Amino acid sequence: MLSYHKRRTIGNTGERAAARYLRDRGFLILHTNYRCYAGEIDIIARKLNLLVFAEVKTRSSADFAAPEESVTYSKEKKITNTASHYIDKYKLHNLECRFDIFSVYVNEKGRVTKVEHLPDAFDEPSVSF
């Protein structure tokens, strides 16, 4: 079992890799680890009229389940409710929204070995923009 500090370090590495992936594709990173009463979103990015809310799951080679498998319906709902709060707060109702999942794999030395991007991974289950 990994310590909290080690898990957080691995998580930060994955989030930086996912943000780099988006920046390399022309996205502007607006926020990382955005928090409100409804929950947290790892990365919020924008490219033209597209707003992306990204959940990043990072795993070391010692983990067995695919990272995206841990994004449950309940987690999706928290993300979409948090996204709704963000959109309201920053008055971004005119933008198209997408919910992505990043699966980032790191080796035993903490180096990123693979980044998988699942664009439009889920719909807004109960939130209307």
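From a predicted model like this one, the values you see are computed outputs, not experimental measurements. Worth knowing before you read on, the calculation uses all heavy atoms, side chains too, and leaves out hydrogens, waters and symmetry mates.
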In terms of heavy-atom contacts, Asp100 and Val52 come closest through OD2-CG1, 3.4 Å

Handout entry: From CA spacing to verdict: side chain to side chain contact (heavy atoms under 4.5 Å, CB included), Asp120, Phe99
Key = CA-CA 5 Å; Asp120 214 8; Phe99 296 92; 5.8 Å; no

Tightest non-hydrogen contact, residues Asn94 and Lys91, listed as OD1-O, 4.4 Å

Query raised in the report: Is the side chain of Arg35 donor-acceptor paired with the backbone N or O of Tyr37 at a distance under 3.5 Å, no angle test?
Result: no

Under 3.5 Å, sequence neighbours excluded: what are the donor-acceptor pairs made by side chains of residues 14-27?
unit_1, atom_1, unit_2, atom_2, d
Glu15, OE1, Asn33, ND2, 3.2
Arg16, NH2, Thr13, OG1, 3.4
Arg25, NH1, Tyr21, O, 3.0

**Request:** Before accepting this row, confirm whether a basic side-chain N of the pair Lys57/Glu55 lies closer than 4.0 Å to the acidic partner's carboxylate O.
**Result:** yes

Residues passing the side-chain hydrogen bond (donor to acceptor under 3.5 Å, both in side chains) test with Lys47, sequence neighbours excluded, are none

Rounded to the nearest 0.5 angstrom, the OG-NZ distance for Ser84 and Lys89 is 13.5 Å

Any side-chain heavy-atom pair from Ile41 and Tyr86 closer than 4.5 angstrom?
-> no

Rounded to the nearest 0.5 angstrom, the CD1-OG1 distance for Ile10 and Thr58 is 8.0 Å

- prompt: Is the gap between the ring centers of Phe53 and His31 under 6.0 Å?
  reply: no

(message) For a side chain to side chain contact (heavy atoms under 4.5 Å, CB included) check, start with the C-alpha distance between Tyr105 and Val115, then their side-chain angles and the critical distance, and finish with the verdict.
(response) CA-CA 6 Å; Tyr105 297 86; Val115 175; over 6 Å; no

The side-chain contact (heavy atoms from CB on, under 4.5 Å) partners of Lys78 (sequence neighbours excluded) come to none

Value for CG (Asp42) from CD1 (Ile79), rounded to nearest 0.5 Å, stands at 7.5 Å

Q) Would Tyr90 and His85 count as having a side-chain donor-acceptor pair, cut-off 3.5 Å? A) no

On a heavy-atom basis, the closest approach of Arg46 and Leu95 is NH2-CD2, 3.4 Å

Rounded to the nearest 0.5 angstrom, the SG-CG distance for Cys97 and Leu50 is 8.0 Å

